[in-house]
Protein chains: 2
Amino acid sequence: MDYTSFLTSLGTSFFIFVVLMLLFTWLSRKPGNSFVYYPNRILKGLDPWEGGSRSRNPCAWIREALSSSEQDVINMSGVDAAVYFVFLSTALAILVLSGLVLLPVLLPVAATDDNVEIQKVKGNSSTSFSEIDKLLMGNVKGGSPRLWAFLIATYWVSLVTYFLSWKAYVHVSGLRANALMSPELKPEQFAVLVRDIPHVPEGQTRKEQVDSYFKSIYPETFYRSMVVTNNKQVNKIYKELEGYKKKHAHAEAVYNESKKTGKPEGLRPTIRTGPLGIVGRKVDSIEHYNEKIKELIQKLEAEQKVTLREKQQPCAFAFFTNRVTAASAAQSLHAQMVDTWTVMEAPEPRQIIWSNLKIKLFQRIIRQYVVCFIAALTILFYMIPIGFISALTTLDNLKKLLPFLKPIVNIVSVKTVLEAYLPQIALIVFLALLPKLLLALSKAEGIPSVGHAVRATSGKYFYFTILNVFIGVTLGGTLFETFKSIEKEPNSIVSLLASSLPGNATFFLTFVALKFFVGYGLELSRIVPLIIFHLKKKYLCKTEAELKEAWFPGDFGYATRIPGDMLVLTIVLCYSVIAPLIIPFGVVYFGLGWLVLRNQALKVYAPSYETNGRMWPHIHTRVIAALILYQVTMFGYFGVKKFSFSTLLLVPLPIVSLLFAFVCQKKFYRSFSDTALEVACRELKEIPNMERIYRSFIPPSLSSEKADDDHFEDALSQVSRVGSFA
Amino acid sequence: MDYTSFLTSLGTSFFIFVVLMLLFTWLSRKPGNSFVYYPNRILKGLDPWEGGSRSRNPCAWIREALSSSEQDVINMSGVDAAVYFVFLSTALAILVLSGLVLLPVLLPVAATDDNVEIQKVKGNSSTSFSEIDKLLMGNVKGGSPRLWAFLIATYWVSLVTYFLSWKAYVHVSGLRANALMSPELKPEQFAVLVRDIPHVPEGQTRKEQVDSYFKSIYPETFYRSMVVTNNKQVNKIYKELEGYKKKHAHAEAVYNESKKTGKPEGLRPTIRTGPLGIVGRKVDSIEHYNEKIKELIQKLEAEQKVTLREKQQPCAFAFFTNRVTAASAAQSLHAQMVDTWTVMEAPEPRQIIWSNLKIKLFQRIIRQYVVCFIAALTILFYMIPIGFISALTTLDNLKKLLPFLKPIVNIVSVKTVLEAYLPQIALIVFLALLPKLLLALSKAEGIPSVGHAVRATSGKYFYFTILNVFIGVTLGGTLFETFKSIEKEPNSIVSLLASSLPGNATFFLTFVALKFFVGYGLELSRIVPLIIFHLKKKYLCKTEAELKEAWFPGDFGYATRIPGDMLVLTIVLCYSVIAPLIIPFGVVYFGLGWLVLRNQALKVYAPSYETNGRMWPHIHTRVIAALILYQVTMFGYFGVKKFSFSTLLLVPLPIVSLLFAFVCQKKFYRSFSDTALEVACRELKEIPNMERIYRSFIPPSLSSEKADDDHFEDALSQVSRVGSFA
């Protein structure tokens with residue numbers, strides 16, 4: 001890619017971004033769009049335009065984002081969002097501090113040397129060099145004392161990263177502690193999840209077994225237990241019932257509307273009872289649905305009883321009357337045989353993956369290894385197509401492979417745009433396919449909560465992006481060029497390898513720019529959700545519930561968002577010294593990201609679960625992993641630059657990074673995986689209503705339709721009440 | 001070593017054993033020796049000769065040992081001893097079950113082949129073969145189908161080991177659970193050790209800080225705390241005081257004796273006050289010691305006050321009113337910063353290593369790595385001298401190096417004995433030097449209890465013995481022979497390697513025989529302690545206390561005993577298929593060991609601490625490690641035997657062993673490192689006297705001389721009582 005196409009790419013990206021931002025300013029002020037641009041505020045019962053959001057100033061949202069505090073974010077989007085912003089601002093600070101030193105020092109040092117021209121004159125290299133290449137480390141002659149500046153720069157970036165990530169860890173640890181010690185009542189803090197319960201002894205029910213076990217260990221603080229049931233069947237009926245209820249409401253709405261528009265007595269909607277509603281007898285929809293609902297309610301009640309009585313599984317939730325006991329129980333070994341009665345923190349009721357709870361310890365371990373193996377295969381085999389795509393989607397190759405494109409492609413403007421974007425778009429499309437697969441894999445591990453599964457997915461996706469996008473593209477490009485040059489001059493491989501990293505620098509510059517301008521532009525303007533919402537509103541939604549479903553915002557999607565950011569951070573770190581020009585791009589990425597996502601956190605996304613910052617240790621580990629990759633890369637690159645003795649000075653860096661990661665892990669990690677008792681022992685605002693806490697764990701498909709509150713507990717504790725609560 | 005010297009060695013060993021056993025029968029019946037042969041019974045207040053021990057039958061002790069139950073061992077020597085017997089009987093059972101199949105099958109299969117003779121005729125080998133070699137796997141021709149029998153035997157031994165070690169783990173886990181749930185009061189079950197306490201906040205004492213911290217987390221079950229102090233100075237004074245008290249009692253006894261023997265008014269003993277009691281003024285001993293004692297008591301009291309007030313350290317014991325809370329607290333994270341307020345199970349008061357308690361978390365980690373590094377160096381560098389010794393102490397080499405020995409050595413009988421024992425004695429002497437060093441190293445890791453330090457030492461010593469004795473001797477012998485043969489025929493290296501294992505078989509046969517006949521003979525007859533006791537009794541001891549000190553038996557010394565047994569087990573396992581003849585030797589070793597040590601456990605040794613079987617997971621892991629070493633060795637040996645395709649059938653074995661170890665670790669390990677709550681929640685025999693529990697943790701140097709019981713607590717809680725117990 002030459003200089004012109006690089007500038008074109010930048011220019012186009014920026015233009016798209018400006019257009020999207022103006023669109024956002026214009027659209028977000030329309031009252032009809034408030035559901036798209038302020039759903040989180042609406043869900044929280046706040047006025048969407050409070051605080052002057054509706055001004056004509058296109059930068060009003062920026063002012064609001066900047067003036068919002070961390071507490072605002074926690075109130076609107078939870079601790080996880082706040083932790084994510086700590087990550088963004090830490091990455092931003094690392095890059096700003098690095099850039100402040102690296103840009104003014106390294107750019108002049110590189111620009112005043114002339115390695116590139118010498119190589120050109122010698123004809124030693126077959127790639128074409130541009131003005132950008134003059135600013136890269138590649139322009140410094142091998143063995144030159146100027147390399148000392150680059151060596152010191154390598155250390156500076158590492159030190160800045162250590163310092164800021166340590167500070168961030170301390171800060172996030174405090175955020176988590178505050179969240180856990182909050183006087184608000186959180187049901188999951190009073191419960192533990194008990195898995196791997198052994199066989200029920202003769203003459204006892206499952207509930208008696210669990211109750212008597214915990215009663216004997218915690219005679220004073222144990223409240224009661226709730227045996228988990230196999231809800232597959234009951235969920236199916238419940239879902240069907242809810243579907244018919246929606247359809248019923250829809251039909252009612254259609255009927256009411258027809259009263260207004262057509263005849264005053266209205267036109268009762270009809271459907272056919274056959275498959276797909278196309279064939280079969282024509283019946284009145286509302287009555288048909290009413291019948292179905294009645295039928296299903298009876299079926300549901302019968303199934304609920306069967307489920308509660310006969311489909312109990314070897315896992316349960318145990319409830320305690322105070323937080324310290326629950327936190328302590330979750331960390332303690334209960335049974336002499338470690339693979340029975342495993343106790344862990346209860347996840348939030350809304351993020352429990354019910355079907356995974358029953359899986360036994362050794363099966364979980366086996367599943368973990370199997371999933372790990374499959375994930376590794378996936379990560380490795382995706383590399384091959386990506387390597388091909390990165391090699392094939394250059395314009396020259398396309399022209400050769402698809403000759404009919406030649407006339408179009410030869411137009412200058414089309415050619416420039418295509419040349420700038422083609423490989424990147426191919427890459428981005430390719431990346432969109434994987435996350436669902438990885439999430440499904442992670443859930444198959446037997447993880448009990450959605451938050452945990454998302455963390456596991458995020459980890460796999462991180463390895464995937466680093467290995468395939470960063471390393472894959474770099475090596476893929478190199479391999480391709482290497483093959484070409486070996487044909488001509490077999491001796492130039494080393495110098496080609498040395499120049500392959502800077503060669504890919506412009507690719508990654510464009511990649512990052514595309515990601516922030518177009519990615520964040522789309523994120524902010526929400527064009528796609530807007531169109532979908534308006535289409536649905538016009539043609540499909542008749543009831544309030546349907547409308548809410550249409551605009552309901554979803555959450556941040558950390559599983560892919562964080563690996564995406566980590567990829568950019570890794571790229572920018574790895575190129576920071578080789579091509580310092582990338583740093584401003586990184587700064588814009590994280591700065592713009594912080595602004596745009598702050599806006600989204602405050603106004604758009606509604607988190608569907610809360611893990612109190614358990615994502616952080618993973619983020620931190622990966623920042624350090626990126627740093628180590630950078631340090632190792634630099635070690636290799638200095639070696640290629642024939643700076644051999646001083647290259648040894650880089651050896652301590654990865655070791656220090658590993659030590660740093662070890663110390664952080666020892667000092668902080670356990671307080672993220674467990675709840676510290678000094679945190680759990682804080683006073684609550686009010687005396688907890690244990691019955692409400694207990695009920696919050698009952699899945700909706702099992703909670704009774706009628707006001708009959710005793711339904712659930714009766715079915716479960718028919719016999720037990722006498723036995724275990726005596 | 002040829003056949004004759006092997007038989008001589010066996011014969012001599014057996015003769016020594018018979019002599020020692022007869023000595024034991026004769027000596028142990030003398031009443032004056034009861035302190036040497038029955039100290040544990042005397043300490044427990046039992047009659048030494050209860051149950052007919054004094055009969056003339058030399059095998060009476062065997063009958064007693066066989067008829068004793070596991071509960072007897074637990075009562076007399078604690079759970080640790082019982083667990084050790086589980087190990088001995090498991091090893092015995094593994095070898096018996098292996099031998100029952102291997103001996104009748106493999107010996108005929110090997111004996112009817114003729115590889116040895118063919119090699120001899122060919123002159124392919126320079127070593128001399130004997131009758132024993134005809135019974136080894138080496139006598140089977142390479143690639144012969146007879147090797148299938150050996151392959152199946154390899155599997156059989158592995159399966160037997162899996163089955164029996166699994167059963168043993170289940171059994172020991174039950175033993176530990178029983179010990180922990182016993183209704184007897186054990187003070188350490190009510191306490192936790194708190195380390196890494198942060199700086200004392202302004203205006204608080206250390207005790208207030210600890211009390212208020214735990215009071216807020218455990219408002220109902222926290223009893224009180226005890227801050228650990230730096231006792232170095234006070235211990236020194238206490239020791240000096242105790243020394244003078246002993247001397248005083250001794251002088252009194254001498255004076256009283258002189259009244260009987262000499263003049264009726266007696267002769268008051270005198271000493272000189274100068275250094276070593278040789279120079280200086282002559283004074284009356286009793287008066288002098290009296291003065292010193294008075295002086296030191298005052299000094300001790302002053303120092304006690306200073307220690308309790310000013311030498312408090314950032315660690316403490318916290319006491320709880322029930323066992324469940326203590327067990328649960330020891331497993332829970334208390335502080336958000338994981339490196340502060342680390343809480344762990346309290347060791348027994350008698351095995352606390354006080355000086356290690358104050359060491360901070362990160363320092364402990366660093367110490368651990370440093371010690372690990374030093375231990376690795378020690379293990380590796382000890383190998384070199386051992387290799388030399390094993391090569392040099394053959395008779396031929398000795399004659400060359402020390403020519404003046406030639407005339408003595410050439411006498412036939414001396415020659416045979418020397419040839420049989422020389423290398424083994426050198427080895428045994430060499431091994432006796434290390435354990436103290438390793439124990440000191442382990443203590444330097446910052447481990448808080450003696451039991452734990454002994455476990456760590458045992459691990460290091462295990463690696464040492466396996467690497468240096470087993471692998472070192474085998475390779476050392478091979479290397480030496482290899483060098484010789486390379487000079488002559490460079491092509492015979494491979495066949496030499498193949499025959500090096502069986503070549504060392506006779507060495508290890510003798511080694512094991514020496515260990516059990518002479519080792520257990522000495523163990524049973526207690527010749528050395530007997531002589532020392534009688535010498536001390538005659539010439540040094542004047543008081544009851546001095547006498548008790550002279551016969552006090554000490555404990556099992558697991559740090560070296562278990563690695564020693566593990567070495568034998570490893571050797572026997574590794575040679576079990578190559579040289580099945582070794583199995584009976586292993587059976588006798590563990591059988592005789594079980595008998596002799598059963599006797600010692602019931603009558604002699606008094607355990608100085610109790611870990612409730614925490615040694616077991618380490619033993620189990622090492623049994624599996626020995627098994628894996630055996631499987632890998634067999635893989636290599638089958639390869640040498642040109643049994644190539646079928647050799648691949650051995651590949652699954654080490655993998656299965658690793659899986660087995662992993663499953664055992666997951667299923668059992670945590671219940672050994674922590675106390676399961678279902679075990680801790682059992683009812684006690686009586687309501688615990690918390691004050692007595694608390695006092696049992698006060699070190700003797702700090703507990704007051706006078707009846708003033710409030711001394712210790714006053715000094716510690718002068719201010720705190722008002723503040724934290726309000």
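First the proteins, then the strands, lettered A, B, ... as listed; each starts at 1.
- Contact tally against chain A (heavy-atom pairs below 4.5 Å) for B/V663, B/L361, B/V679: the top residue is B/V663.
- For B/L377, the side-chain contact (heavy atoms from CB on, under 4.5 Å) partners are B/F373, B/F381, not counting sequence neighbours.
- A 6.0 Å sphere centred on CZ of B/F163 holds no more than 12 heavy atoms belonging to other residues, nucleotides or ligands.
- What you find for B/I217 and A/L677 is that their closest heavy atoms are CG2-CB, 3.9 Å.
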Please tabulate, one pair per line, the N or O donor-acceptor pairs under 3.5 Å between chain B and chain A.
unit_1 : atom_1 : unit_2 : atom_2 : d
B/S173 : O      : A/Q336 : NE2    : 2.9
B/S173 : OG     : A/Q336 : NE2    : 3.2
B/Y213 : OH     : A/E678 : OE1    : 2.7
B/S328 : OG     : A/S328 : OG     : 2.4
B/S328 : OG     : A/S332 : OG     : 3.3
B/Q331 : O      : A/R670 : NH2    : 2.9
B/Q331 : OE1    : A/L333 : N      : 2.6
B/S332 : OG     : A/S328 : OG     : 3.2
B/L333 : N      : A/Q331 : OE1    : 2.5
B/L333 : O      : A/L677 : N      : 2.9
B/H334 : O      : A/L677 : N      : 3.4
B/H334 : O      : A/E678 : N      : 2.9
B/Q336 : N      : A/E678 : OE2    : 3.0
B/Q336 : O      : A/S671 : OG     : 3.1
B/Q336 : NE2    : A/S173 : O      : 3.0
B/Q336 : NE2    : A/S173 : OG     : 3.2
B/V338 : N      : A/K667 : O      : 2.8
B/D339 : OD1    : A/K667 : NZ     : 3.1
B/D339 : OD2    : A/K667 : NZ     : 2.8
B/K667 : O      : A/V338 : N      : 2.8
B/K667 : NZ     : A/D339 : OD1    : 3.1
B/K667 : NZ     : A/D339 : OD2    : 2.8
B/R670 : NH2    : A/Q331 : O      : 2.9
B/S671 : OG     : A/Q336 : O      : 3.1
B/L677 : N      : A/L333 : O      : 2.9
B/L677 : N      : A/H334 : O      : 3.4
B/E678 : N      : A/H334 : O      : 2.9
B/E678 : OE1    : A/Y213 : OH     : 2.7
B/E678 : OE2    : A/Q336 : N      : 3.0

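- The part of A/F662 that comes within reach of chain B is its side chain, from C-beta onward, which places non-hydrogen atoms under 4.5 angstrom from that chain.
- Looking at A/I365, only its side chain comes within 4.5 Å of chain B, counting heavy atoms on both sides.
- With a threshold of 4.5 angstrom between heavy atoms, A/F668 approaches chain B through its backbone and through its side chain.
- Put simply, of A/G174, A/A177, A/A330, A/A327, the one with the most heavy-atom pairs under 4.5 Å next to chain B is A/A177.
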